There are 2 protein chains.
Amino acid sequence: MDLPSIKVACSSCNLRELCLPMGLKADEMQKLDTIVSNRKRIKRGEALFSAGERFSSLFAVRSGFFKTRVTTPDGRDQVTGFQMTGEIIGLDGIVTDQHTCDAVALEDAEVCIMPFAKLEALSREFTSLQHHVHKIMSREIVRDQGVMMMLGSMRAEERLAAFLLNLVQRLHARGFSQSELVLRMTREEIGSYLGLKLETVSRTFSKFVDDGIIEVKQRYVMIKDNEALKAIVNLPNCD
Amino acid sequence: MDLPSIKVACSSCNLRELCLPMGLKADEMQKLDTIVSNRKRIKRGEALFSAGERFSSLFAVRSGFFKTRVTTPDGRDQVTGFQMTGEIIGLDGIVTDQHTCDAVALEDAEVCIMPFAKLEALSREFTSLQHHVHKIMSREIVRDQGVMMMLGSMRAEERLAAFLLNLVQRLHARGFSQSELVLRMTREEIGSYLGLKLETVSRTFSKFVDDGIIEVKQRYVMIKDNEALKAIVNLPNCD
DNA sequence: CGGAACATTGAGAGGGATCAATGGACGTGG
DNA sequence: CCACGTCCATTGATCCCTCTCAATGTTCCG
């Protein structure tokens, strides 16, 4: 029924300006094609990988939307990120050869499989690819700094404002609207990511609506006043 | 007066089992010596680098203790980590060629300077070094996941318990006691890292003392009941 | 010895959590 | 097409953990 894998080529992929091959020359991209040879489909709600599983490949999101989450021994879990088209998942597995988080599809999705050993071999050949891999990992580290900032020193409204701005910005880079978006995750998942309870997320959405900053209809969000959102993030004490 | 740099060799460094050269063969380590040629001293309170500065090198902590922190436009800052001997600082700078955080010495310190371009060049030669660099970056990503977990879903007591356990574990790996430590950072810095105010940190310390779990005398901490600390981290609702 | 930086402790306030009830959206099957 | 159940979202009332403001104490160092 659903094929386990599909032949694919980075060099003809419409995400090549966004994804791993970004900035590579044509011949380098063709080399990359030889190792990024398979795709995999993941149904909504299914895991691309889970904590504890052996690591062997990185994955590039080709379509769909993922969350990554870590779980404590006592069962609490924390969403650590949301990944969309062109973003890379699986970097956590490199250090111990085991994944330390789960990656779950929030809608039917497709990923390109990039065997990491082959990626390492190829980046020994191409300085540009090597540097690009380093940048991808560094970008993740910088992103994490931002999340820590958010979790450690922002209030509920600031967190949600920052979250929405980050989402539309990334969606806009993918050709979507700057002011409208459809959330692919529940209030609870947003809350977990932001270190808030789902009720607080809901209440904060409602407050933004009352303030005329956004319109919300379930998962659909329209940003009516981008500047107001930005002001919320940057001005902690609006007194 | 204080020399800007000092000749050094990984192959004869007593940290080689802990630091970047970990696991390299003798000849590989000698190659590494050729690029890790300089050290730098940083006085307590001074910055090794600051956000916005151009990135060119990674740094290995040879002695001393650092904090890294990010700052928002409106002036709040968030401590994102504490780095001790053998740990690598500066990975945040790779993605944009600019540092995105400050690295500040919490006591007089010395670092080895590792020019990143040279490190990349050498990683193209040695698979082992290449893989090791990848692991270091991945380890940082996994560490960040843990911090997010802490900030997003733990209470004050759990955060402080997790923090103390993490510190002694890392110190123990460096030959120090499993049950005693001297904090190199203030309550405020601990609080920033844990997403708490300094008063809350202080109160939580006092509570642990009352409960007979630790002894505290200013920066000195003795862990009297390691199991109790572990229990606090893992059992959110002890009812 | 005196001052600055850091830490402790108390009292009170507030932001978000918790508990609880209601309502809406969606998919499935009758 | 409607009925039903499930999942998700909203909203209210109350609680409590942490923050805030404030005073005091301690250590360190010039």
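Throughout, a chain's letter reflects where its sequence line sits, starting with A, and its residues are numbered from 1. Computed from a predicted model, the values in this text were never measured in an experiment. Values reported hereafter were calculated over all heavy atoms of this structure, with side chains retained and with hydrogens, waters and symmetry mates removed.
Separating the NZ atom of B:K207 from the C1' atom of C:dG10 is a distance of 18 Å, rounded to the nearest angstrom. Distance B:F205 CZ to C:dT9 C1': 16 Å, rounded to the nearest Å.
Counting only residues at least two apart or in different chains, salt bridge (charged side-chain N to carboxylate O under 4.0 Å, His left out) contacts with residues 195-204 of chain B are absent. Among residues at least two apart or in separate chains, there is no salt bridge (charged side-chain N to carboxylate O under 4.0 Å, His left out) pair with a member in residues 88-97 of chain B. Here salt bridge (charged side-chain N to carboxylate O under 4.0 Å, His left out) pairs that include residues 177-190 of chain A, with residues two or more places apart or in two chains, are A:K67-A:E189, A:E107-A:R184.
Listed by chain and residue number, nothing satisfies the side chain to side chain donor-acceptor pair (under 3.5 Å) test with B:D225 (two or more places apart in sequence, or in another chain). Checked against salt bridge (Lys or Arg N to Asp or Glu O under 4.0 Å), A:R139 has no partners two or more places apart in sequence or in another chain. Listed by chain and residue number, nothing satisfies the side chain to side chain donor-acceptor pair (under 3.5 Å) test with B:S57 (two or more places apart in sequence, or in another chain). Every residue two or more places apart in sequence or in another chain that forms a side chain to side chain donor-acceptor pair (under 3.5 Å) with B:D102 is listed here: B:R69. Taking the side chain to side chain donor-acceptor pair (under 3.5 Å) definition, one finds that A:S177 meets it with A:S179, sequence neighbours left out. Residues that satisfy the salt bridge (Lys or Arg N to Asp or Glu O under 4.0 Å) test with A:K207, not counting sequence neighbours, are A:E157, A:D211.
Between C:dA7 and B:R187, a contact under 4.0 Å exists linking OP1 or OP2 to a side-chain N or O.
Bending across the helix from C:dC1-D:dG30 to C:dG30-D:dC1, expressed as the angle between its end axes from five pairs apiece, amounts to 40° (10° rounding).
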Q. What does nucleotides 12-28 of chain C look like as a protein-contact string, B for base, S for sugar-phosphate only, - for none, at under 4.0 angstrom between heavy atoms?
A. ----SSBBB----S---
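In the 5' to 3' direction, nucleotides of DNA chain D lying under 4.0 Å from heavy atoms of chain A begin and end at D:dC8 to D:dA13.
Counting any heavy atom pair closer than 4.0 Å across all strands shown, A:T186 reaches sugar-phosphate atoms only and no base atom. Note on B:R159: nothing from the nucleic acid sits closer than 4.0 angstrom, heavy atoms only.
Counting only heavy atoms from C-beta outward, the side chains of A:R219 and A:T186 approach each other to under 4.5 Å.
Looking at every heavy atom in both residues, A:L160 comes nearest to A:I190 through CD1-CG2, 4.1 Å.
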